[in-house]
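Here the structure comes first, spelled out in structure tokens, and everything after it is commentary.
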Amino acid sequence: MYICLCVCVCAQEHGIRATFVKALEAEFAGWGLKFSIGGQISFDVFPEGWDKTYCLRHVKAAAEFDTIHFFGDKTFKGGNDYEIFESEETVGHTVTSWQDTVEQLNALFAL
């Protein structure tokens, strides 16, 4: 579930999403749900184990890869890219924009 809060710049500066996510984690502890900050103005809610690492089982079942690279902007603890970024099954890269992603890909693969 993707939940978008109406936020303004001041709400982002004061960490309202992070505070709200912590309140939800406390309120719904034991329900088997995970909450993480995603995008610019949203947070995600999903069953535990259904974070972005969930896709790895399908990627690995479809083909063999020597290395799987993941590029994400919310790679900090509590961000919706954190689990896959930290996974032993991936090489994680933090990016700040699509342009940064292109630059990192060009450098990584000598494109």
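All heavy atoms count here, side chains included; hydrogens, waters and symmetry mates do not.
- Within the structure, every pair that satisfies the side-chain hydrogen bond (donor to acceptor under 3.5 Å, both in side chains) test and touches residues 100-110, not counting sequence neighbours, is listed here: Thr96-Asp100, Asp100-Gln104.
- Two residues are said to be in side-chain contact when any heavy atoms from C-beta on lie closer than 4.5 Å; Leu108 and Phe71 meet this criterion.
- With sequence neighbours excluded, the residues that form a side-chain hydrogen bond (donor to acceptor under 3.5 Å, both in side chains) with Gln99 are Ser97.
- For Tyr82 against Phe76, the heavy-atom pair with the smallest separation is CB-O, 3.2 Å.
- Between atom CG of residue Asn80 and atom OG1 of residue Thr75 there is a gap of 10.0 Å, rounded to the nearest 0.5 Å.
- Within the structure, salt bridge (charged side-chain N to carboxylate O under 4.0 Å, His left out) pairs that include any residue of residues 20-32 do not occur (at least two apart or interchain).
- Among residues at least two apart or in separate chains, salt bridge (charged side-chain N to carboxylate O under 4.0 Å, His left out) pairs with a member in residues 77-86 are Lys34-Glu83, Lys52-Asp81.
- As a member of the Ile/Leu/Val/Met/Phe/Trp/Tyr network built from side-chain separations under 4.5 Å, Val91 groups with nothing else and remains a singleton.
- Taking the six-membered ring where the residue is Trp, Phe20 and Phe43 present perpendicular rings, their angle passing 60° and hence far from 30°.
- Annotation: ring-ring contact (aromatic ring centres under 6.0 Å, His included) contacts of Phe70 (sequence neighbours excluded): none.
- Every residue two or more places apart in sequence or in another chain that forms a side-chain hydrogen bond (donor to acceptor under 3.5 Å, both in side chains) with Thr53 is listed here: Asp51.
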Please tabulate, for the side chains in residues 56-68, all donor-acceptor contacts under 3.5 angstrom to protein atoms that are two or more places apart in sequence or on a different chain.
| from | atom 1 | to | atom 2 | distance (Å) |
| --- | --- | --- | --- | --- |
| Arg57 | NE | Tyr54 | O | 3.4 |
| Lys60 | NZ | Glu89 | OE1 | 2.1 |

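- For the ring-ring contact (aromatic ring centres under 6.0 Å, His included) test, residues two or more places apart in sequence or in another chain that qualify with Phe109 are His69.
- Other residues sharing the hydrophobic cluster of Val102, ordered by chain and number and joined by side-chain separations under 4.5 Å: Trp98.
- Side-chain contact between Thr90 and Phe85: absent, with no pair of heavy atoms (C-beta onward) separated by less than 4.5 Å.
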